[in-house]
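Letters go in sequence order (proteins before strands), and every chain restarts at 1. Heavy-atom basis, side chains included; hydrogens, waters and symmetry copies ignored.
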Amino acid sequence: MSDLFSALRLPIPALPAGMVLLRRRADPAALWPVIQGLAAQSPFRFMTTKRGGTMAAAMTSAGACGWVSDARGYRYESRDPLTGQPWPAMPKAFAALAADAAAEAGFPGFAPDACLVNRYAVRAGMGLHRDGDERDFDQPIVSVSLGLPASFLVGGLDKDDKPQAIGLESGDVLVFGGPARLLYHGIRPVKAGEDPLFGPFRYNLTFRRAR
DNA sequence: AAGTGGCT
DNA sequence: AGAG
């Protein structure tokens with residue numbers, strides 16, 4: 001990645017202020033069985049957008065509340081609408097990873113109450129959006145990439161701002177808070193491949209303080 | 001448009 | 001045709 005830029009003598013693009021990338025900070029092998037356990041309780045499902053579209057990434061959640069999208073809009077719910085049961089509890093290993101990464105990035109005391117788990121099959125992506133359904137924007141977002149690599153797009157505070165691409169690999173942890181908290185971001189369609197642990201999928205954990 | 005499809 |  002950065003060797004390409006040095007070989008071409010191009011400036012290495014800097015991350016926006018408030019955004020910290022911790023390469024290979026998470027242990028994919030330790031997280032994989034935890035994700036499987038969550039999915040056994042609250043299965044991955046394809047949610048619909050308020051305008052009737054279907055999201056390309058399958059989702060589930062863990063924690064005191066989970067992110068939900070349907071014809072009524074976006075919100076956090078204490079129960080999984082699919083099972084009628086509370087979402088699976090936030091795994092200890094998840095909470096510890098999120099808190100440690102946030103502290104390392106300059107956001108001490110991060111105690112997420114929601115973890116949205118996205119599963120991208122090959123060719124699935126996510127359009128530019130911002131995480132704006134949380135109560136306190138002083139709390140950062142912690143994003144963990146697992147499985148197939150992806151090109152992450154970071155735009156600006158305006159949706160029309162031209163996004164820059166950042167390559168993310170399994171184990172990478174991205175923290176965005178402060179001035180980066182409400183930046184538009186998205187994921188380019190995942191390229192075909194096979195991860196030794198996760199197979200032909202990319203998983204993403206996003207930790208939030210929703211309430 | 002947390003979507004697609006089109007354009008380069 | 002595929003990537004960005």
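Look at the C1' atom in both B/dG5 and C/dA1: the space between them is 16 Å, to the nearest Å. Taking atom P on both B/dT8 and B/dT4, the two are 23 Å apart, rounded to the nearest angstrom.
Residue pairs meeting the ring pair (Phe, Tyr, Trp, His ring centres under 6.0 Å) criterion with at least one partner in residues 79-109 of chain A, sequence neighbours excluded, are A/Phe94-A/Phe207. For the salt bridge (charged side-chain N to carboxylate O under 4.0 Å, His left out) condition, the pairs that include at least one residue of residues 178-198 of chain A, sequence neighbours left out, are A/Glu134-A/Arg181. Residue pairs meeting the salt bridge (charged side-chain N to carboxylate O under 4.0 Å, His left out) criterion with at least one partner in residues 28-54 of chain A, sequence neighbours excluded, are A/Arg45-A/Asp80.
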Would you list the atom pairs, donor with acceptor, under 3.5 Å between side chains in residues 28-39 of chain A and any protein atom, with sequence neighbours excluded?
from	atom 1	to	atom 2	distance (Å)
A/Trp32	NE1	A/Leu197	O	3.4

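Through direct or indirect side-chain contacts shorter than 4.5 Å among Ile, Leu, Val, Met, Phe, Trp and Tyr, A/Phe46 is connected to no other residue.
By the 4.0 Å N-to-carboxylate-O rule, A/Arg208 lies close enough to A/Asp131 to be salt-bridged with it.
A search for side chain to side chain donor-acceptor pair (under 3.5 Å) contacts involving A/Tyr184 returns nothing, not counting sequence neighbours. Remark: A/Glu104 pairs with A/Leu22, A/Arg25 by the side chain to side chain contact (heavy atoms under 4.5 Å, CB included) rule, at least two apart or across chains.
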Next item on the list: List the protein contact pattern of nucleotides 1-8 of chain B with one symbol per nucleotide (5' to 3'): B for base contact, S for sugar-phosphate-only contact, - for none; contact means a heavy-atom distance under 4.0 Å.
Entry: BBSS----
Next item on the list: Dot-bracket notation for DNA chain B is requested: 5' to 3', Watson-Crick or G-U wobble pairs only, both distances under 3.5 Å, with ( ), [ ], | and . as defined.
Entry: ......||
